[in-house]
Amino acid sequence: MSDTENHHREDEEHRKVREVLKGLPGKKAPWFFEARLQQRLQEERNAGKSRGWLTTPAPAYALSAVTAAVLVIVGYYTLYLPFTRGDEGTGVPEQMIESGEGITRPSPGESNASPPPSRRTTEVFTPAEKTTKGPSSVSTEPAIEAPVMKRESTSGAEMKSQDSQHDALQHVELPVTPARAVETPVGTIHMRLDSLAGSAGRDSIDTLQSRRDSVLQK
Amino acid sequence: MQVNQEHSAAERVKRDGHRNLAGLSDEELISEFQNENEAAFNILVGRYKDPLTNFVYRFTGDWDDCNDVVQETFIRVFRNRHSYKPVAKFSTWLYTIATNLARTQLRRRKVRKYLSFGFRDQQEGEPVYDIPDSTSRTDALVESSLKEESIQKALDALPEKYREIIILRDVQELSYEEIAAITKLNIGTVKSRINRGRTQLQEMLKDIWND
């Protein structure tokens with residue numbers, strides 16, 4: 001079949017397609033079309049009117065300012081304050097407690113007969129091991145059942161002075177029990193300083209040590 | 001008596017005004033509408049609601065989608081009347097809006113999955129929920145209806161780019177220039193797509209004219 005004949009054949013077939021499509025019944029809009037359209041246009045007009053006052057600058061800005069203020073207040077109380085409040089009262093830097101610096105623990109052979117760890121802070125005095133570290137000889141029990149010590153979340157804190165360490169002991173809430181000295185086989189004496197600490201007020205560590213000595217002599 | 005005369009005069013003026021508007025061209029009517037004469041818009045709606053419905057229905061293949069698209073088209077015309085410039089014909093602008101909305105609707109339908117109650121959207125294996133037809137129909141009507149459904153099914157199977165142009169040309173009988181303006185294609189592309197679309201349709205519809 002030649003190209004011309006092909007072309008004619010194709011034209012003929014396309015003509016049939018055109019006729020078929022032309023013969024399709026025309027779809028008409030439903031009877032309620034214009035009424036529905038007018039209703040929607042009326043809604044558009046009403047929506048435009050009600051939005052009008054909202055889009056004026058003054059109310060929009062006022063709304064934004066109120067929203068911003070509410071967010072700031074909520075953020076302050078929920079985010080800022082909890083993180084900056086930190087530990088209340090111990091004054092013991094977290095670093096010192098975690099590193100064990102300044103904490104003298106009983107040597108392994110000593111602690112068998114010692115009283116079980118309690119919630120109370122104890123001071124370990126090992127005469128042979130007594131050092132001149134001073135404040136570093138003040139020990140605290142590992143915090144297995146340690147009293148709740150709110151620690152300051154300061155990083156890179158320096159060594160505190162004797163007074164501040166003593167303050168840390170003071171702020172620990174401990175049940176008040178009479179002071180009791182327990183002599184261990186190697187002479188390590190654990191004392192409960194809670195009552196002493198409580199009654200000592202703001203006495204220095206030296207004062208406490210002298211009082212300890214007097215108790216030992218008894 | 002005097003009040004009645006005044007009332008009837010006002011109605012006459014209104015009627016005459018309406019009649020006068022009815023005689024205007026599409027471009028003049030839209031210009032009137034841009035001057036806040038809503039009667040002109042109503043006349044345009046009356047003129048184009050049926051042809052647009054026919055075009056959009058043949059293009060989307062769904063009656064509900066068709067009504068939504070045509071309604072939305074006129075709402076867009078109402079909202080954006082001032083953006084029309086008389087550089088192109090009003091019908092070109094109107095069909096462009098309708099075509100874009102119809103394409104968007106088709107894209108949404110492809111993503112959306114919903115239960116169909118009709119023959120056209122039935123997938124294989126899905127149950128068909130058909131409302132029984134209580135009216136009695138003659139064989140000729142039934143045959144005509146089935147033929148129409150087959151043609152529509154063939155149109156639905158055409159690629160969108162061919163279907164749109166075929167309908168504008170062979171159903172709406174628009175000119176090549178107007179189709180080119182609506183679809184933003186050059187006339188050569190319009191003609192070649194019409195050719196390819198007809199070839200594909202011819203293959204799908206050969207059973208109809210063989211009967």
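Each chain gets a letter, A, B and so on, in the order its sequence line appears, and its residues count up from 1. Quick caveat: nothing in here was measured; it's all calculated off a predicted structure.
Only the side chain of B:L155 comes within contact range of chain A, with at least one heavy atom under 4.5 Å from a heavy atom of that chain. Neither the backbone nor the side chain of B:R169 comes within contact range of chain A; no heavy atoms are under 4.5 Å apart. B:V45 touches chain A through its side chain: at least one heavy atom from C-beta onward sits under 4.5 Å away, while N, CA, C and O do not. Interface remark: B:Q172 contributes no atoms to any contact with chain A (heavy atom separation under 4.5 Å). Only the side chain of A:L41 has a heavy atom closer than 4.5 Å to any heavy atom of chain B. Contact annotation for B:F41: only side-chain heavy atoms (C-beta onward) come within less than 4.5 Å of a heavy atom of chain A. With a 4.5 angstrom heavy-atom cutoff, B:Q200 does not touch chain A via any of its atoms.
Within the model, atoms CZ of A:R15 and CD of B:Q202 stand 12.5 Å from one another, a figure rounded to the nearest 0.5 Å. The CG atom of A:L37 sits 9.0 Å away from atom CZ of B:F78, with the distance rounded to the nearest 0.5 Å. The CD1 atom of B:I75 sits 3.5 Å away from atom CZ of A:R40, with the distance rounded to the nearest 0.5 Å. Atom CH2 of residue B:W63 and atom NZ of residue A:K27 lie 6.0 Å apart, to the nearest 0.5 angstrom.
Here the side chains of A:P25 and B:E148 are in contact, with some heavy-atom distance below 4.5 Å. Two residues are said to be in side-chain contact when any heavy atoms from C-beta on lie closer than 4.5 Å; A:H14 and B:T199 meet this criterion. Using a 4.5 Å heavy-atom cutoff, the side chains of B:L201 and A:L21 are in contact.
A donor-acceptor distance shorter than 3.5 angstrom exists from the side chain of B:Q71 to the backbone of A:F33, with no hydrogens or angles considered.
A:E13 and B:R198 are not joined by a salt bridge, as no carboxylate oxygen comes within less than 4.0 angstrom of a charged side-chain nitrogen.
Counted by atom type alone, A:Q38 and B:N42 present one or more donor-acceptor pairs between their side chains at under 3.5 Å.
Ranked by heavy-atom pairs under 4.5 Å with chain A, the list B:V171, B:V56, B:V70 is led by B:V70.
Annotation for B:D50 and A:A29: closest pair OD1-N, 2.9 Å, computed over non-hydrogen atoms.
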